[in-house]
Amino acid sequence: MGDELMVAPAKRQRISQRGIATRERILDAANRLMLVRGVNATTLDDVREASQTSKSQLYRHFADKQELVRALVEYRGALVLQRERGGLERLRSFSGPVRWRNALVQANSLNNGRYGCGLGSMAVELSDQDEQSRSMLSETFAEWEKLISDGLHRMRDSGALRQDADPERLATGLMAALQGGYLLANAAHDVAPMEVALDMALEHIRSFLVEPSTGSVGQP
């Protein structure tokens with residue numbers, strides 16, 4: 001009996017790892033397809049073909065499209081927050097949000113502004129269709145915005161920002177500029193509107209600096 005107890009967990013672990021890999025492959029394929037085509041225009045057959053999985057494999061992990069989409073909301077949210085933490089958790093001076101702005105604009109310019117924000121585009125499609133997805137997206141945006149406000153709090157606490165600066169309001173304004181910029185860039189297939197929106201929001205933040213920086217906001 002002792003030997004059997006030792007063997008069983010190892011078998012379960014191998015199956016679990018294989019299942020995790022298959023699930024990740026499905027989510028990665030769904031993420032790429034739905035970013036370009038949108039949620040509603042992407043079918044489960046599209047995802048199955050792109051992920052090179054069988055119907056039985058797909059349905060073993062996701063009972064229906066709604067379940068897949070909800071998993072994708074979580075998956076995409078985790079990817080975005082991981083990316084954003086990389087820059088925003090180190091934000092302590094005005095050069096931080098400028099570098100953040102430049103990185104996002106540069107990444108979006110690779111597609112000439114097409115497709116917009118992966119989370120924002122899902123919010124547009126899903127907010128009136130699925131309350132659970134809407135709530136998950138709202139929580140992710142709130143966490144993203146908090147990364148910005150926490151950085152602005154650090155700037156204020158260190159004396160870089162004036163004490164009358166409101167990090168929460170400034171973060172909301174910057175996030176609104178980012179999402180609006182993504183939307184306009186997608187419509188124009190040009191990142192210029194995104195640059196303008198972010199630069200105006202950053203100029204407002206710069207007006208609260210104790211010692212205003214010099215140079216253009218858009219410069220690294």
Side-chain angles (χ1 to χ4, degrees), residues 31-42 72-73 75-127 134 137-152 155 161 165-209 212-220:
N31 186 41
R32 288 183 282 106
L33 286 173
M34 292 183 185
L35 178 63
V36 175
R37 301 181 184 179
V39 173
N40 294 326
T42 303
L72 181 58
V73 169
Y75 176 84
R76 189 176 287 181
L79 289 177
V80 169
L81 291 176
Q82 181 182 35
R83 179 197 71 200
E84 294 300 283
R85 289 189 188 101
L88 293 173
E89 285 184 341
R90 298 193 298 270
L91 195 160
R92 286 180 172 78
S93 66
F94 188 67
S95 62
V98 172
R99 287 194 298 269
W100 171 81
R101 170 263 191 215
N102 291 345
L104 291 176
V105 169
Q106 183 178 22
N108 202 28
S109 70
L110 297 177
N111 296 315
N112 293 322
R114 291 179 174 87
Y115 315 132
C117 170
L119 292 177
S121 61
M122 292 187 86
V124 170
E125 286 197 82
L126 299 175
S127 290
R134 185 208 63 76
L137 285 162
S138 178
E139 290 173 4
T140 303
F141 277 118
E143 190 171 349
W144 189 354
E145 190 173 313
K146 188 175 185 300
L147 289 172
I148 299 173
S149 65
D150 284 349
L152 296 174
M155 289 176 62
L161 282 180
D166 186 330
E168 281 72 29
R169 287 177 61 85
L170 292 174
T172 297
L174 187 54
M175 178 60 76
L178 173 62
Q179 293 303 319
Y182 269 127
L183 178 64
L184 293 176
N186 186 23
H189 286 182
D190 186 342
V191 295
M194 180 183 182
E195 293 182 291
V196 171
L198 285 173
D199 288 351
M200 292 186 71
L202 287 175
E203 285 292 348
H204 183 57
I205 292 174
R206 181 157 65 174
S207 71
F208 287 95
L209 291 179
S213 61
T214 58
S216 173
V217 167
Q219 297 299 316

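Not measured: the values here are computed from a predicted model.
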**OP:** Would you name the heavy atoms of Pro97 and Leu202 that are closest together and state the gap between them?
**Re:** CB-CD2, 3.7 Å
Original post:
Got a salt bridge between Glu143 and Arg85, using NZ or NE/NH1/NH2 to carboxylate O under 4.0 Å?
Top reply: yes
Original post:
When rounded to the nearest 0.5 angstrom, what is the spacing between CG in Leu91 and CG in Leu147?
Top reply: 10.0 Å
**OP:** Rounded to the nearest 0.5 Å, what's the gap from OG1 on Thr172 to CD on Glu145? Could you check?
**Re:** 3.5 Å
Subject >> Chi angles and distances behind the side chain to side chain contact (heavy atoms under 4.5 Å, CB included) call for Asp166, Leu152 >> reply: CA-CA 8 Å; Asp166 186 330; Leu152 296 174; over 6 Å; no
**OP:** Kindly determine whether Met155 and Leu209 satisfy side chain to side chain contact (heavy atoms under 4.5 Å, CB included), including the steps that lead there.
**Re:** CA-CA 9 Å; Met155 289 176 62; Leu209 291 179; 3.9 Å; yes
Original post:
Between Met34 and Leu72, what is the shortest heavy-atom contact and its length?
Top reply: SD-CD2, 3.4 Å
Original post:
Is Arg92 atom CZ crowded by more than 12 heavy atoms from other residues, nucleotides or ligands, each under 6.0 Å away?
Top reply: yes
**OP:** Measure the spacing between CD of Glu84 and CG of Leu104 and express it to the nearest 0.5 Å.
**Re:** 5.5 Å
Original post:
Any idea which heavy atoms bring Gly118 and Leu35 closest together, and the distance?
Top reply: CA-CD1, 3.9 Å
Subject >> side chain to side chain contact (heavy atoms under 4.5 Å, CB included) between Leu170 and Phe208, intermediate numbers included >> reply: CA-CA 10 Å; Leu170 292 174; Phe208 287 95; 4.0 Å; yes
**OP:** Answer yes or no: is there a side-chain heavy-atom contact under 4.5 Å between Leu183 and Val124?
**Re:** no
**OP:** Measure the spacing between NE2 of His189 and CG of Asn186 and express it to the nearest 0.5 Å.
**Re:** 5.5 Å
Subject >> Qualifying salt bridge (Lys or Arg N to Asp or Glu O under 4.0 Å) pairs with a residue from residues 168-196, counting only residues at least two apart or across chains >> reply: Arg101-Glu195
Original post:
Between Arg206 and Glu203, is there a side-chain N and carboxylate O pair less than 4.0 Å apart?
Top reply: yes
Original post:
What is the minimum heavy-atom distance between Pro193 and Leu184, and which atoms define it?
Top reply: CB-CB, 3.6 Å
Original post:
Can you list the steps and then say if Leu178 with Met194 is a side chain to side chain contact (heavy atoms under 4.5 Å, CB included)?
Top reply: CA-CA 7 Å; Leu178 173 62; Met194 180 183 182; 3.7 Å; yes
Subject >> Rounded distance [0.5 Å steps], CG in Leu119 versus OG in Ser138 >> reply: 11.5 Å
Subject >> Shortest non-hydrogen contact between Met175 and Ile148, atoms and distance >> reply: CE-CD1, 4.1 Å
**OP:** Assign the ring pair Phe141 / Trp144 to parallel, tilted or perpendicular, where the plane angle (0 to 90°) is split at 30° and 60°.
**Re:** parallel
Original post:
Looking at side-chain heavy atoms only, is the closest gap between Gln106 and Val191 below 4.5 Å?
Top reply: no
**OP:** Could you pull out the closest heavy-atom pair between Ala197 and Gly181, with the gap in Å?
**Re:** CB-CA, 4.2 Å
Original post:
Distance from Gln179 atom CD to Leu174 atom CG, nearest 0.5 Å?
Top reply: 10.5 Å
